[in-house]
Amino acid sequence: MAFDPTRGIQDFLVFGEYGDVNPSITDSSTFTFKDPQTMNEIFDHEIEGCFLYSRHWNPINRHLSEALAAMEGSEMALVTASGMGAISSTTLQICRAGDEIVASHTIYGGTYAFFKNFLPKLGITVKFVDMTNLDEVKAAITENTKMLYGESVSNPLLEVANIPELSRIAKAHNLTLVIDNTFSPMIISPIQWGADVVIHSMTKYINGTSDCVAGCVCSSSEFIHALTDINAGASMLLGPVLDSYRAASILKNLHSLHIRMQKHSENALFLAEHLQKLGVTVFYPGLTSHPQHDLMNQLKNEGFGYSGMLAIDAKDDETADQLMKLMQEEKVGYLAVSLGYFKTLFSSPSHSTSSEIPKEEQEEIGLSGGLVRMSVGLDHNIQLSFDRIHKCLKNIGLV
Ligand code: PLP
């Protein structure tokens, strides 16, 4: 399948108010109307080019949303104040009390906590399954299931979701397939493989500078209109609105995403291959040893590699801590959660971004306390970074 996630962004030329090469920032929460009649009308239905109030839509958020829709090949998109804002609004738009969700058991810890601890308060229940096992997915579906939820490349174990097959299952049971594509923007285009809704934490690769929190939902016009409906839309009524200054800066960064993804992936593959040669256990979908390597090859768009995320097994919690401390001292990068930054970031998911998942469940899904997740940066001299990691590994006796 040849889909070019850069094409729509390349065509994206929006002039600012005075012909500026960047669209003007909307520095207003509210908008005037020449006549009260039009204001009355917009409460009934959206009017093209007409804005009411910034929690609903504003021009710069609309521009960023259009660029994201072009990237994912969706009819529309909506930007939100965080990835969690996108996930919670989407979920609450689709599900109501009594409904069930079937979700992958390897997902971001915040999403897991929202599903496990928060949704039951609203009468929505979630069954966690091994999403790489399609029979398990099918077996979990009941007549109350409304949504299938997974991550294209999962956090933190880097499992790859079989989106075409999940889409077939979703269609057969009339479910909405929601895919979080935070780890693989441009690399995988889930809508092209049959997903109904794609979510990003734009805090990560899409923005790429670790200076703000933001999210987005890409889907059909019908779904985005439902989310923003003045009377019943989850995003309109819960209000996770992205600040327009941030929307403007993210839009500028989006234009270099394709180059950044290539470099993140190139560096991650280099480290993954070299670390594996040293005898380290490495989880990376670009390695032939990865269980979903062939699937990843089938799903990925040409030219962006296998993502900048990899994980290594440092055996136990203590060794993982020592390794991360040393890597920071050796200037490999920062000991910090999050990902998609130009510098390498590393953390121990078991004690941070996945700590919401109880220890027994972590063990069940193969998430060991010794796992170190790395978001590989844009280092020009990746050999130097590898040499530094090698030195750290030797120092703690892991190689
Ligand atoms: N999805 C994934 C895969 C994530 O890693 C994260 C955050 O780490 C989120 C969603 C939540 O995004 P945010 O922190 O922007 O709310």
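As the structure lists them, so they are numbered: ligands from 1, and atoms in each ligand from 1.
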Using distance alone, determine whether [X] and ligand 1 share an N or O pair under 3.5 Å.
X	value
Arg373	no
Glu151	no
Val213	no
Met84	yes

Atoms of ligand 1 close to [X] [distance to a heavy atom under 4.0 angstrom, numbered from 1]:
X	answer
Thr203	13 (P), 15 (O)
Ile87	10 (C)
Ser82	15 (O), 16 (O)
Lys204	4 (C), 5 (O), 6 (C), 7 (C), 8 (O), 9 (C), 12 (O), 14 (O)

Quick one: look up the protein heavy atom nearest [atom] and list residue, atom name and how far away it is.
atom	result
atom 5 (O) of ligand 1	Asn155 ND2, 3.1 Å
atom 11 (C) of ligand 1	Tyr108 CE2, 3.5 Å
atom 13 (P) of ligand 1	Gly83 N, 3.4 Å

Inset, instruction - Just do the side chain to side chain contact (heavy atoms under 4.5 Å, CB included) check on Tyr205 and Met309 with the steps written out, would you? - result: CA-CA 11 Å; Tyr205 283 113; Met309 301 303 298; 3.5 Å; yes

Inset, instruction - State the CH2-OG distance between Trp193 and Ser167, to the nearest 0.5 angstrom. - result: 11.0 Å

Legend entry - Basic-acidic side-chain contact under 4.0 Å: Glu151, Lys204: no

Inset, instruction - Please determine if Asp11 and Arg7 form a salt bridge, counting it only when a charged side-chain N lies under 4.0 Å from a carboxylate O. - result: yes

Legend entry - From the candidates Asn207, Val337, Leu339, Asp180, the one that places a heavy atom nearest atom 10 (C) of ligand 1: Asp180

Inset, instruction - Measure from the side-chain N and O atoms of Gln192 to the backbone N and O of Glu72, and report whether any donor-acceptor pair falls under 3.5 Å. - result: yes

Inset, instruction - Output yes when a side-chain donor or acceptor of Asn162 lies under 3.5 Å from a complementary backbone atom of Leu295, and no otherwise. - result: no

Legend entry - Passing option when Glu330 is tested against Lys391, Arg388, Lys325 for side chain to side chain donor-acceptor pair (under 3.5 Å): Lys391

Legend entry - Asp99 and Ile94, any side-chain heavy atoms less than 4.5 Å apart: no

Inset, instruction - With the side chain counted from C-beta on, respond yes when Arg260 and Leu378 share a heavy-atom pair under 4.5 Å apart, and no when they do not. - result: yes

Legend entry - Mode of Ala214 contact toward ligand 1 - side chain, backbone, both, neither (heavy atoms, under 4.0 Å): backbone

